[in-house]
Amino acid sequence: MPSSRPPSWASRFFAGGPVTCIEDLRVLAERRVPRMFYDYADSGSYTEGTYRANEDDFSRIKLRQRVAVDMTNRTLASTMAGQPVSMPVALAPTGLTGMQHADGEILAARAAAKAGVPFTLSTMSICSIEDVAENTDAPFWFQLYVMRDRDFIDRLIDRAKAAQCSALVLTLDLQILGQRHKDVKNGLSTPPRMTIPNIVNLATKPRWCLNMLRTQRRTFRNIVGHAQGVGDLRSLSSWTAEQFDPRLNWDDVKRIRDRWGGKLILKGILDPEDAELAAQSGAEAMIVSNHGGRQLDGAISSIEALPEIVRTVGDRIEVLMDGGIRSGQDVIKALALGAHGVFIGRAFLYGLGAGGEAGVTQCLDIIRKELDVTMAMCGLRDVRQVDERILAGKPAFANRPY
């Protein structure tokens, strides 16, 4: 069973004081997680320009402060893809989550359930669909990558249905992989290369190593033993190198939608033309996302892409957003520009690396408090009323066509 022990004093206190923001959790995670796995989460492709823009562009959005308004009886309750949520925030699908902390997907799912927000399990998770279903009580969402082995994909969909996953998140922007230079330099592979620098770095992370020794979940358990010819880490390496399918197209989306038969969310939309096709696909929702700046370096930020996509299709399909969210203020800015809800990826991974399940809970608590206080200071009491009226003038990118 995964550990649910509270974090040590080092997780609760940062530099002599309490953890107050997501950046504090990031610093703690960087100290605690082995370099190759921390860098895997905290990096973008090539120059990392789009990765940086995802965060930086939020600072260009300014808010209107209102005073002498009734700020009592506030609520952050909303819905995402038709599911009630305690605030319009979901945990994004992230690969290798279980290498940030042992049994990481299970711990994150538990924290999300307690917080009343959705958790999304990645195809490339360490804990399997069945692992998470057996160790949590609340339904979760499952994210699907399309592989060349379509029989495996069909079985994966059927496994998600059997686990009673309440939505399928289909990622469309990983047909081929953008290179992340840090992963190459760190020797991140399957299995990881045990270079001298990696061994030395692992020796400085005894808590992480001890937790990993206590679990049997140390590989891609959605794949090993399920995909044909993949029985161990070395066979997994060659399989994954050739499996992401560059042929993925909108006919595949229809086929997957029909086989799944439940709520479908399309992830990776960044262009209004693709948003139009997504709106025509029959999916319940779409996620404006550039894969956290990990694919096309030089693409615009997710928050910059959001307004035009909302104008194009927002009355026909629910528009969600992912990329660069590091605070509750970022959440409310995305809502003001038309997002119905947002996903957080790196933010919750920092919490997980810093303190396991309690760290993810702390991450969500920080974002919830920041969102609530910011909403009140903007003069609103219901998060469902947030719109462009809370902005002190729109940023330039919010007014121009794509």
Side-chain angles (χ1 to χ4, degrees), residues 77-95 97 105-106 108-125 127-146 153-174 222 248 250 252-269 275 277-289 291 302 313-314 316-323 325 334 339-345 348 364:
S78 187
T79 61
M80 292 179 70
Q83 177 176 320
V85 294
S86 67
M87 61 176 171
V89 175
L91 269 57
T94 55
T97 301
E105 289 89 358
I106 293 172
R110 287 178 172 175
K114 287 189 300 182
V117 300
F119 168 77
T120 316
L121 181 70
S122 170
T123 291
M124 305 304 292
S125 59
C127 300
S128 69
I129 299 170
E130 293 79 11
D131 289 331
V132 177
E134 290 167 6
N135 288 280
T136 58
D137 296 323
F140 56 95
W141 297 352
F142 180 68
Q143 175 269 333
L144 181 71
Y145 285 127
V146 177
I153 293 303
D154 287 347
R155 293 193 302 273
L156 202 55
I157 293 171
D158 293 344
R159 288 166 59 196
K161 290 167 66 173
Q164 298 184 327
C165 293
S166 52
L168 185 72
V169 178
L170 175 59
T171 295
L172 300 175
D173 62 354
L174 202 79
N222 280 329
L248 173 63
W250 290 100
D252 294 316
V253 173
K254 181 181 184 302
R255 190 184 75 85
I256 290 167
R257 183 199 68 197
D258 292 344
R259 186 175 187 95
W260 169 245
K263 292 179 181 177
L264 179 65
I265 303 170
L266 302 180
K267 182 176 184 289
I269 306 298
L277 294 170
Q280 297 171 13
S281 71
E284 277 71 24
M286 53 165 283
I287 306 173
V288 176
S289 172
H291 214 97
S302 296
V313 300
R316 288 177 285 147
I317 185 172
E318 185 172 305
V319 179
L320 307 169
M321 180 266 177
D322 163 88
I325 302 288
H340 192 81
V342 305
F343 286 73
I344 58 171
F348 95 79
L364 290 168

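Note that the numbering runs from 1 along the sequence shown for the chain. Here the structure is a predicted model, which means the values were calculated and not measured.
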If you define the side chain from C-beta out and look only at heavy atoms, does anything of [X] sit under 4.5 Å from [Y]?
| X | Y | value |
| --- | --- | --- |
| His291 | Thr171 | yes |
| Arg110 | Phe119 | no |
| Phe142 | Asn222 | yes |
| Phe140 | Ile129 | yes |

Looking only at heavy atoms, which two atoms of [X] and [Y] are closest? And how far apart?
| X | Y | result |
| --- | --- | --- |
| Ala334 | Val342 | CB-CG1, 3.7 Å |
| Asp173 | Gly268 | OD2-CA, 3.6 Å |
| Asp131 | Ile106 | O-CD1, 3.9 Å |
| Lys263 | Gly82 | NZ-C, 3.6 Å |
| Cys127 | Val132 | CB-CG2, 4.2 Å |

Original post:
Checking side-chain contact (heavy atoms from CB on, under 4.5 Å) against Lys267, which of Leu172, Val169, Leu320, Leu170 comes through?
Top reply: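 Of the listed options, the one satisfying the test is Val169.
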Can you list the residues that meet the side chain to side chain contact (heavy atoms under 4.5 Å, CB included) rule with [X], with sequence neighbours excluded?
| X | value |
| --- | --- |
| Ser86 | Val117, Arg368 |
| Thr94 | Thr97, Phe348, Leu349 |
| Ala275 | Ile269, Met286, Ile309, Val313 |
| Ala283 | Leu264, Leu266, Ser281, Ile317 |

Would you give the length of the straight line joining atom [atom1] of [X] to atom [atom2] of [Y], rounded to the nearest 0.5 angstrom?
| X | Y | atom1 | atom2 | result |
| --- | --- | --- | --- | --- |
| Asp154 | Trp260 | CG | CH2 | 13.0 Å |
| Arg159 | Ile157 | CZ | CD1 | 11.5 Å |
| Glu318 | Glu284 | CD | CD | 9.5 Å |
| Ser289 | Met321 | OG | CE | 8.5 Å |
| Leu277 | Trp250 | CG | CH2 | 5.5 Å |

Test salt bridge (Lys or Arg N to Asp or Glu O under 4.0 Å) applied to [X] - qualifying residues, sequence neighbours left out:
| X | answer |
| --- | --- |
| Glu134 | none |
| Asp137 | none |
| Asp322 | none |
| Arg257 | none |

Original post:
Short question: side chain of His340, backbone of Thr79 - any donor-acceptor pair under 3.5 Å?
Top reply: yes
Sequence neighbours left out, cut at 3.5 Å: what donor-acceptor pairs do the side chains of residues 160-168 make with other protein atoms?
residue : atom : partner : partner atom : Å
Lys161  : NZ   : Arg259  : O            : 3.1
Ser166  : OG   : Trp141  : NE1          : 3.2

Subject >> Residues in side chain to side chain donor-acceptor pair (under 3.5 Å) contact with Arg316, at least two apart in sequence or another chain >> reply: Glu276
**OP:** Kindly state each residue pair satisfying side chain to side chain donor-acceptor pair (under 3.5 Å) with at least one member in residues 111-123, sequence neighbours excluded.
**Re:** Lys114-Glu357, Ser122-Gln143
